[in-house]
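Here's the structure, in structure tokens; my notes come after.
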Amino acid sequence: MSLVDIDAKIPNNVDLAGDRRLQRALEQWQPKFIRWWEELGPAAFQGNSVYLRTAVGVGQEGWANFGYVSMPEYRWGVFLADPEPARTIAFGDHKGQDVWQEVPGEYRADLRRLLVVQGDTEPASVEQQRQLGLTAPSLYDMRNLFQVNVEEGRHLWAMVYLLQRYFGRDGRDEADAMLERHSGDADNPRILGAFNEPTPDWLSFFMFTYFTDRDGKYQLASLRESAFDPLSRTCDFMLKEEAHHMFVGASGVGRVVQRTAELMREHDTDDVHPYGGINLDVLQKYVNFHFSVSLDLFGAETSTNAANYFAAGLKGRFQEERRDDDHQLKNDLRDVPECTAEGITTRRVTQLAALNETLREDYVEDCQKGVDRWNRTLADAGIDTVIRLPHVGFHRQVGTFRDHHLSPDGRLVADDEWLDGAGRWLPTDADRDHVRSLMQPVTEPGKMAGWVAPPSRGIHQKPVDYEYVRI
Ligand code: BYC
């Protein structure tokens, strides 16, 4: 068990007090983080009391406290899950050896890169979502937004701790650079594509937390397998917090679907726009957009980077240890999609080369589960429209599909058909304008905007009409 120092300037269970140099370095970074938070974190309600969860330890029972805090006073801490005794490396060239407590010299550059890519997404998402507090559909939703934001901030702390603790000066420079790149910045953007797209409205936010946070789940779960034990333990704990973020997305989209279904029945029409709802075809277009942008985050179908990470033991597969194979993957083969102007075929490669694709497939299967639930809501309301995940080749910027246009049902289409179809397949300016027009703030406890159904229950056993944010 690692001891928790909850009253320290930086709450932690990594014995910061026992490493003065590191403590000083992190305490020097702390005011820069707060300055970034105040400038580029939530654009409003920074001074209000918000009913938030704060991580205070890693134990099975009670790892978090709930209470009112104003966000700049949130206690961002550094927490690693308890070590697993006698843990050994589960995959790659070092399979069976003891896990590492320090970074091996030959993997320094790769590990640093993985930490930087992961760390960069966390503040990016806070920046993307900074305006949303102003148009929250309820205090319940506003609170969830801020919960997600402060925890993404803590996830940045998690990566910055690893960088500063294990990468010395380079790590300190990387930690500063995390606060200097900004989402959508023309000169110094965030590293991965999806984190430079704006999140302009709450439907986008729910889609982002459903689809893009779920990429986070799969990437963190792969890094949890790492032979570098501090990274593994860090990701283990981050995944605990991450579950709520995906709940916000799944239940958020679900509540929009439910409200749309109610309006469709009440007014006996597919077009619920005049009644302040979001039409199912618009919802489908948002699904198409956010799913495809999130698929890009897994990288190309075949990747020597991913193969090297795996062979080195830096990044495994989702639930690596549950898999029934040699965990080396040099001889096992699999097919990956290949797209040319002639059509979509497959190519046979080693499992090792295809790790990005394998993780993407696991992710797609998980995405489908929520879609099935939304479709059950529609079916229960007697509506026969179904929401579908588009083909994995639809609207892609990374990998084999990037230079081709595919329709959502997976047909290769010529440029003119693409231009013609784009407005039916992806949100148009008019769709976005309509959604934006619905984003009127609701700040009275228990009241809910008309485009989204209320949640079935509140947070932490509080009622739905609890004053989650004191306005
Ligand atoms: N955008 O070999 P490839 C989260 C680059 S989300 C821009 O296929 P690789 C969160 C790539 O860097 C999870 N560039 O790539 C969610 C490479 O560059 P070089 C974040 C891209 O390395 C919501 C080149 O293209 N964590 O936590 O196998 C809210 C060749 O590509 C992109 C991680 O991603 C892109 N989308 O795979 C808050 C985990 N894709 O080497 C938080 C750590 C590829 O030619 N990252 N490129 O210069 C990784 O494991 C890998 O870097 C990736 C890419 C899976 C992202």
Side-chain angles (χ1 to χ4, degrees), residues 109-130 132 145 147-159 162-163 178 181 183-184 189-197 199 204-226 228 231-232 234-235 238-239 241-246 248-249 290 292-312 314-318 336 349 352-360 362-363 367 395-402:
D110 278 346
L111 258 177
R112 170 175 156 187
R113 180 190 168 140
L114 283 169
L115 297 181
V116 167
V117 172
Q118 179 62 49
D120 189 70
T121 62
E122 316 289 1
S125 68
V126 176
E127 293 169 352
Q128 289 172 292
Q129 296 163 12
R130 69 185 301 263
L132 292 173
L145 166 73
Q147 184 70 62
V148 168
N149 292 163
V150 291
E151 285 176 350
E152 300 301 6
R154 207 202 66 74
H155 291 180
L156 171 60
W157 271 95
M159 290 301 129
L162 293 175
L163 284 164
M178 299 278 192
R181 287 184 293 270
S183 178
R190 292 296 176 182
I191 298 170
L192 298 174
F195 293 89
N196 288 302
E197 299 282 347
T199 310
S204 303
F205 172 65
F206 290 146
M207 294 286 173
F208 183 95
T209 38
Y210 187 75
F211 289 109
T212 307
D213 276 82
R214 193 170 308 274
D215 167 52
K217 166 182 165 184
Y218 278 80
Q219 299 293 348
L220 290 173
S222 306
L223 293 172
R224 172 166 62 184
E225 303 292 335
S226 184
F228 180 44
L231 173 60
S232 167
T234 297
C235 292
M238 289 165 77
L239 280 161
E241 292 162 309
E242 200 63 39
H244 175 68
H245 306 185
M246 281 173 297
V248 169
H290 286 271
S292 57
V293 168
S294 302
L295 290 176
D296 280 340
L297 293 171
F298 290 83
E301 290 74 16
T302 55
S303 162
T304 40
N305 284 339
N308 291 340
Y309 297 154
F310 187 86
L314 306 181
K315 183 181 175 192
R317 286 170 293 176
F318 184 67
V336 295
V349 297
L352 188 60
L355 286 164
N356 285 347
E357 188 60 15
T358 300
L359 192 62
R360 184 167 24 239
D362 294 339
Y363 164 83
C367 286
H395 186 239
R396 293 289 303 282
Q397 313 294 325
V398 174
T400 188
F401 296 106
R402 61 170 284 177

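All ligand and atom numbering here is 1-based and tracks the order in the structure.
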Practice task
Using a 4.5 Å cut-off on heavy atoms from C-beta on, say whether the side chain of K217 contacts that of H245.
Solution key: no
Exercise for the section: Report yes if the side chains of K315 and Q219 come closer than 4.5 Å at any heavy-atom pair, otherwise no. Expected result: yes
Protein contact to [atom] [nearest heavy atom, distance to 0.1 Å]:
atom	result
atom 16 (C) of ligand 1	T212 O, 3.4 Å
atom 27 (O) of ligand 1	Q118 NE2, 2.8 Å
atom 54 (C) of ligand 1	G299 CA, 4.2 Å
atom 30 (C) of ligand 1	N305 ND2, 4.6 Å
atom 46 (N) of ligand 1	V117 CG1, 3.6 Å
atom 53 (C) of ligand 1	L297 O, 4.1 Å
atom 6 (S) of ligand 1	D215 OD2, 3.2 Å
atom 51 (C) of ligand 1	K315 NZ, 4.4 Å

Does [X], backbone or side chain, put an N or O under 3.5 Å from an N or O of ligand 1?
X	value
E152	no
L223	no
S303	yes

Could you list which atoms of ligand 1 come closer than 4.0 Å to a heavy atom of [X]?
X	answer
I191	7 (C)
F208	23 (C), 29 (C)
D296	36 (N), 40 (N)
G193	1 (N), 7 (C)
L114	43 (C), 46 (N), 49 (C), 50 (O)
F195	6 (S), 10 (C), 16 (C), 23 (C), 29 (C)

Handout entry: Whether Y218 and Y363 hold their rings parallel, tilted or perpendicular, with breakpoints at 30° and 60°
Key = perpendicular
Handout entry: Flag: protein heavy atom within less than 4.0 Å of atom 38 (C) of ligand 1
Key = yes
Handout entry: Six-ring centre of Y210, R214 cation under 6.0 angstrom, axis tolerance 45°
Key = yes
Exercise for the section: Work out whether the distance between some heavy atom of R113 and some atom of ligand 1 is less than 4.0 Å. Expected result: yes
